[in-house]
Amino acid sequence: MAHPTNPPGFLLANLDKVRHWAQTRSMFTVTFGLACCAIEMMATGAGHYDLARFGMEVFRASPRQADLMIVAGRVSQKMAPVLRQVYDQMPEPKWVISMGACASTGGMFNNYALVQGVDQIVPVDIYVPGCPPGPQSLMHGILTLHDKIMSGEIAH
Ligand code: SF4
């Protein structure tokens with residue numbers, strides 16, 4: 001921000017704040033829809049809700065170009081190592097949103113075939129509740145993640 005003792009046009013800013021600002025305004029999401037919640041995630045990126053407003057125009061097909069994983073839907077035991085591999089291939093810094101009851105807890109599927117919470121596989125930064133969470137809920141989760149990064153609450 002401009003300081004009163006500085007000449008006009010001279011800006012001072014905390015480098016971390018600039019970095020956090022840039023990170024939150026250019027998040028790229030890796031494509032990782034697993035079940036019905038993914039439909040709501042896709043709707044969030046479509047014209048009506050317009051994630052592009054937040055610099056999130058494109059869902060990336062490659063984890064190497066992504067810094068946000070939205071786990072949208074239930075995670076089977078068979079999918080768990082794949083999910084972890086995709087996460088490992090994402091460059092640092094990176095964040096994870098667990099979208100919906102199934103991803104966060106297994107939801108109604110309390111059985112041996114499904115992971116009972118994706119935080120057993122990857123570190124989760126934000127949990128978005130609901131079955132399914134609507135686009136507004138997911139956007140609230142994304143903006144909460146932005147706030148936490150900006151405040152330094154989530155250190156990367
Ligand atoms: S939380 Fe509901 S909508 Fe989402 S994957 Fe599970 S059953 Fe489907």
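No hydrogens, no waters, no symmetry mates; every other heavy atom, side chains included, goes into these values. In listed order, ligands and their atoms are each counted from 1.
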Atoms of ligand 1 under 4.0 Å from any heavy atom of A101, numbered from 1 in the order shown, are 1 (S)

Identity and distance of the protein heavy atom lying nearest atom 3 (S) of ligand 1: P132 CB, 3.3 Å

For atom 6 (Fe) of ligand 1, does an N/O/S atom of C131 lie at less than 2.8 Å? no

Minimum-distance protein heavy atom relative to atom 6 (Fe) of ligand 1: C102 SG, 2.3 Å

Quick one: does K94's side chain have a donor or acceptor within less than 3.5 Å of a partner on A66's backbone? no

Below 4.5 Å, heavy atoms only, C-beta onward: do W95 and I149 meet side chain to side chain? yes

Is it true that a side-chain atom of D125 and a backbone atom of V96 form a donor plus acceptor pair closer than 3.5 Å? yes

Show the atoms of ligand 1 that are less than 4.0 angstrom away from any heavy atom in G73. 5 (S)

Residue C37 vicinity, atoms of ligand 1 by number, heavy atom under 4.0 Å: 1 (S), 3 (S), 4 (Fe), 5 (S)

Any side-chain to backbone donor/acceptor pair from R53 onto D50? Under 3.5 Å, distance only. yes

Out of all atoms in ligand 1, which are within 4.0 Å of some heavy atom of R74? Include the element for each. 5 (S), 7 (S), 8 (Fe)

Please say whether more than 12 non-hydrogen atoms of neighbouring residues, nucleotides or ligands are located less than 6.0 Å from CD in Q85. no

Short side-chain to backbone donor-acceptor contact, R84 and I121, under 3.5 Å: yes

Closest approach of any protein heavy atom to atom 8 (Fe) of ligand 1, naming residue and atom: C36 SG, 2.2 Å

